[in-house]
A.B. asks: 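Sharing a structure, written as structure tokens. Questions coming.
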Amino acid sequence: MVVVNIRAKLIAKQTDIFDYTTYAFQNIDTGEYVLCTRFPNWEHSIIEIGEEGILQFKEVIAGEDKWFNGTNMIPYNYTGWHFIKFIPLKAQDNNIILD
């Protein structure tokens with residue numbers, strides 16, 4: 001499992017009927033795009049479109065990586081990038097402050 005940290009800007013988000021949220025971020029340093037999914041039970045503050053910050057996400061490989069269901073370790077069914085956290089960057093007097 002690979003954990004990645006980047007400076008990113010949220011450019012789009014979509015929540016489905018099962019409360020899975022897919023975020024589209026743009027890497028501020030490279031211009032590349034990242035799609036990652038936040039699970040319904042993953043509590044996090046609201047991220048606004050256009051907000052910039054430090055994004056942490058991880059790669060999950062189906063059948064190899066596992067999650068704990070409260071009793072057992074269960075292999076993931078799908079490969080993808082999972083949202084971990086986002087810390088907004090707020091400019092103030094030409095200094096960057098982590099909130």
Side-chain angles (χ1 to χ4, degrees):
M1 184 179 320
V2 175
V3 176
V4 180
N5 297 298
I6 62 171
R7 282 189 334 133
K9 178 179 180 177
L10 182 64
I11 58 172
K13 62 183 172 179
Q14 181 178 39
T15 303
D16 67 20
I17 61 172
F18 301 107
D19 208 27
Y20 286 82
T21 301
T22 301
Y23 294 111
F25 288 95
Q26 185 172 26
N27 183 320
I28 294 170
D29 298 322
T30 67
E32 294 178 326
Y33 297 101
V34 173
L35 284 178
C36 58
T37 302
R38 189 185 85 207
F39 285 26
N41 63 343
W42 202 259
E43 293 184 23
H44 195 277
S45 58
I46 295 171
I47 307 169
E48 301 294 339
I49 302 294
E51 195 166 6
E52 294 183 6
I54 305 300
L55 170 65
Q56 185 175 63
F57 58 103
K58 65 182 177 180
E59 182 182 26
V60 173
I61 308 292
E64 291 180 21
D65 295 314
K66 298 178 181 181
W67 61 281
F68 186 65
N69 73 353
T71 307
N72 300 308
M73 295 301 290
I74 309 295
Y76 282 99
N77 291 327
Y78 304 100
T79 295
W81 294 96
H82 293 189
F83 175 88
I84 299 174
K85 71 174 77 170
F86 181 81
I87 301 173
L89 294 174
K90 299 193 179 190
Q92 208 171 41
D93 298 327
N94 296 326
N95 294 318
I96 295 179
I97 297 173
L98 293 177
D99 246 356

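Quick caveat: nothing in here was measured; it's all calculated off a predicted structure. Computation of the quantities below employed the complete heavy-atom set of this structure, encompassing side-chain atoms and omitting hydrogens, waters and symmetry-equivalent molecules.
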A.B. asks: Taking all non-hydrogen atoms of both residues into account, name the closest pair between A62 and T79 and its distance.
C.D. replies: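 Minimum heavy-atom separation between A62 and T79: N-OG1, 3.0 Å.
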A.B. asks: Under 4.5 Å side-chain heavy-atom separation, chaining through any Ile, Leu, Val, Met, Phe, Trp or Tyr, what else clusters with M73? Say none if it is isolated.
C.D. replies: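 Hydrophobic cluster check, M73: joined to F68.
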A.B. asks: Hydrophobic clustering (ILVMFWY, side-chain heavy atoms < 4.5 Å, transitive) - are F57 and I28 grouped together?
C.D. replies: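 No; tracing contacts between hydrophobic side chains, which count when under 4.5 Å, never links both residues.
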A.B. asks: Any salt bridge (charged side-chain N to carboxylate O under 4.0 Å, His left out) pairs touching residues 46-55, not counting sequence neighbours?
C.D. replies: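 Sorted pair list comes back empty.
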A.B. asks: Which pairs would a plain distance check flag for residues 35-42, meaning a side-chain donor or acceptor within less than 3.5 Å of a matching protein atom at least two apart in sequence or in another chain?
C.D. replies:
from : atom 1 : to  : atom 2 : distance (Å)
R38  : NE     : W42 : O      : 3.3
R38  : NH1    : Y23 : OH     : 2.7
W42  : NE1    : I84 : O      : 2.7

A.B. asks: Is L10 linked to W81 within one hydrophobic cluster, defined over Ile, Leu, Val, Met, Phe, Trp and Tyr using a side-chain heavy-atom separation of less than 4.5 Å?
C.D. replies: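 L10 and W81: one cluster.
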A.B. asks: Sequence neighbours excluded, which residues qualify as side chain to side chain donor-acceptor pair (under 3.5 Å) partners of T15?
C.D. replies: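 For T15, the residues satisfying side chain to side chain donor-acceptor pair (under 3.5 Å) (neighbours in sequence not counted) are T21.
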A.B. asks: In the hydrophobic clustering (ILVMFWY, side-chain contacts below 4.5 Å, transitive), which residues join Y78, or is it alone?
C.D. replies: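 Taking Ile, Leu, Val, Met, Phe, Trp and Tyr as members, Y78 stands alone, with no cluster partners.
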A.B. asks: Could you note down all residue pairs passing salt bridge (charged side-chain N to carboxylate O under 4.0 Å, His left out) where residues 9-20 supplies at least one of them, sequence neighbours left out?
C.D. replies: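 Found none.
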A.B. asks: Nearest 0.5 Å please: distance from the CG atom of N5 over to the CD1 atom of I54.
C.D. replies: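 Reported value, rounded in 0.5 Å steps: 7.5 Å.
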A.B. asks: Apart from Y33 itself, what residues make up its hydrophobic cluster, given side-chain heavy atom links below 4.5 Å?
C.D. replies: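 So far as hydrophobic clustering goes, Y33 is joined with I11.
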A.B. asks: Determine, stepwise, if the pair W67 / V60 fulfils side chain to side chain contact (heavy atoms under 4.5 Å, CB included).
C.D. replies: CA-CA 10 Å; W67 61 281; V60 173; over 6 Å; no
A.B. asks: Could you note down all residue pairs passing salt bridge (charged side-chain N to carboxylate O under 4.0 Å, His left out) where residues 24-33 supplies at least one of them, sequence neighbours left out?
C.D. replies: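 Pairs touching residues 24-33 that pass the test: R7-D29.
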A.B. asks: Got V4 and E59 here, is their nearest side-chain heavy-atom distance under 4.5 Å?
C.D. replies: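 With C-beta onward as the side chain, the pair stays apart.
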A.B. asks: To the closest 0.5 Å, what do you measure between CG (D65) and CD1 (I74)?
C.D. replies: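 It is 14.0 Å, given to the nearest 0.5 Å.
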